[in-house]
Amino acid sequence: MPQLLLLGLVGAAAYYGYKQMVRDAAGVAERNRRAEAETRSGAQGTLVRGKDGVYRIRKD
C-alpha cells in the first residue's frame, strides 16, 4: 500500500510539473511573437494603457 501512495504522489508531482512547463512555454512563445512584431515594425516597445488612462511600455 505505501508503494501505491508513493507512486500516486510522484504521479501528481509529475502532472503539476508538466502543467507548469506548458504554461511557461506559452508565455515564452507569446513574448517571442511580441518581440518579432516589434522588430518588424521598428518599435522600441509595446505600449499598454493603464487603469489611469496613461500609456506605458509593457513590462514582461
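These numbers come from a predicted model, not from an experiment.
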### Task
List for me each residue that meets side-chain contact (heavy atoms from CB on, under 4.5 Å) alongside Arg49, sequence neighbours excluded, and say none if there are none.
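In terms of side-chain contact (heavy atoms from CB on, under 4.5 Å), with neighbours along the sequence ignored, Arg49 is linked to Tyr55.
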#### Entry: Results of side-chain contact (heavy atoms from CB on, under 4.5 Å) for Gln20 - residues two or more places apart only
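Checked Gln20 against side-chain contact (heavy atoms from CB on, under 4.5 Å); matches are Tyr16, Arg23, Asp24.
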### Query
Is the shortest heavy-atom distance from the side chain of Leu47 to the side chain of Ile57 under 4.5 Å?
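Heavy-atom side-chain distance check passes, below 4.5 Å.
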### Query
Does Glu30 pair with Arg33 as a salt bridge, N-O distance under 4.0 Å?
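Yes.
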